[in-house]
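Just follow the structure's listing: the first ligand is 1, and inside any ligand the first atom is 1. All of these numbers come straight from a predicted model, not from anything done at the bench.
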Amino acid sequence: MDGNRRYAKNAGLPLKEGHRAGAESLAKVLNCCFKLGVKDVTVYAFSIENFNRPQNEIDTIFSLLKSRLAYIANEDTDFRDYDVAIKIVGNRSLVPSDVLTDLEKIEESTVSHGSHNLFIAFPYTSRDDIVHSMSEIVQKVKRDELSVDSIDAHTVEENFYYRGEAEKVDILVRTSGHTRLSDYMLWQCHQDSVIEFSNTLWPNFRFYHTWWTIFKWSYYKTLILEDAETMQLKRISDEEINKRYKEPIKSLSHPPFASVTRVA
Ligand SMILES: CC(C)=CCC/C(C)=C/CC/C(C)=C/COP(=O)(O)OP(=O)(O)O
C-alpha cells in the first residue's frame, strides 16, 4: 500500500491524511477484490523497517489499523456479508502490548468467519518470517515433536506467521511506481506468481486498477512462452490449463475475470 505520504504531499495535506486516505482505499479495494471472486488478500500494513519512522506517524498508522480493522470486522454491512476472517501475520513480539491486545480482539471476533481471509502483514518482513519459521522448526526438533527427516517445504510454510495458509501468491501488486519487493512474501512468490508494478499511488488505487490487474492476470494465465528467445507467446488450451493449474477453470470464452474465483 505504497504512496500514502506522497499522496498527502501532492495534495498539500498533513501526512496523516495520506495514511487515512490509504486506509479508505483499502476498504474500497477489498470490496472490489471480494466482488471479483478473490478469496484471500494480504496487505503489507507495516514493515519492520517502518519502526524507524517518527513516533507520531507510527501512532497514526497503529490507530488507523485498529479503527479500520474493527470497522471491516464488525461494523460494515458489506464486509459482514463477505464473512472475512482477519489474521495478523507478522512478528507480534515487536508490537506494543496495548495495540496487540486490540488487534487480537479484532482477530478473535472474526475467527469463525471463513469465506475470505484478510491477512495483515504487521510488522512483517519475509526474511524475519523465514528466520522465525526456522527457529520454530529447530525448537520442535529439540522437543522431539518433529524429526529432521520429515522437514520439507510444507514444514517451513506451516511454521510461517501464516501457519501454512498462504503458500502461493497469484498476484503481488506494488503501487506508487517503485519496482522493488521490499522483503515482502519472497517465499510465497512462485514461478507462476504475477508481479504487478503500478504507478498509481495507493490512496488513488480503485476499482479500475484492481479490476485491470486481475483481468491481466487472468489473461496471462492463458498464455505460455513458446519460445524464450523470440518471446513468442502461445495461447494454451483449457485442457492444458486444467492440467497445469490442477483446478478446473471456467471457459476462456467467458469474460476473463470469470476465472478469478481460483485466486487464493
Ligand atoms: C491495514 C490497514 C487498515 C492499514 C491502515 C493504515 C495504512 C494504510 C498503513 C500503510 C502504512 C504505510 C507504511 C504505507 C506506505 O506508504 P508510505 O507511507 O511509504 O508512502 P510513500 O511511499 O509516499 O512515502
Within less than 4.0 angstrom of ligand 1, does R53 place any heavy atom? yes
Show your working on side chain to side chain donor-acceptor pair (under 3.5 Å) between E157 and W187 and close with a plain yes or no. CA-CA 9 Å; E157 280 155 3; W187 174 286; 2.8 Å; yes
Considering both backbone and side-chain atoms of N4, is one of its nitrogen or oxygen atoms within less than 3.5 Å of a nitrogen or oxygen in ligand 1? yes
For atom 4 (C) of ligand 1, the protein heavy atom that lies nearest, with its residue and separation: L65 CD1, 3.5 Å
Using a distance-only test with no angle check, is there a side-chain donor-acceptor pair under 3.5 angstrom linking T200 and R206? no
So M185 and Y162, do their side chains get closer than 4.5 Å, heavy atoms only? yes
Hey, does Y44 come in under 3.5 Å of ligand 1, counting only N/O atoms on both sides? no
Donor-acceptor side-chain pairing of S133 and N159 below 3.5 angstrom: no
What part of N50, side chain from CB on, backbone N/CA/C/O, both or neither, has a heavy atom under 4.0 Å from ligand 1? side chain
Identify, for atom 12 (C) of ligand 1, the protein heavy atom at the shortest distance, and state residue, atom and that distance. H19 CE1, 4.0 Å
Work out whether the distance between some heavy atom of G3 and some atom of ligand 1 is less than 4.0 Å. yes
Cut-off 3.5 Å, side chains only: do D2 and Y44 have a donor facing an acceptor? no
Heavy atoms, side chains only, cut-off 4.5 Å: are F46 and I58 in contact? yes
Polar atom proximity, R68 to ligand 1 (N or O, under 3.5 Å): no
Classify the ring geometry of Y161 against H132: parallel below 30°, tilted from 30° to 60°, perpendicular beyond 60°. parallel
Write out the residue and atom name of the closest protein heavy atom to atom 5 (C) of ligand 1, then the distance separating them to 0.1 Å. A23 CB, 3.8 Å
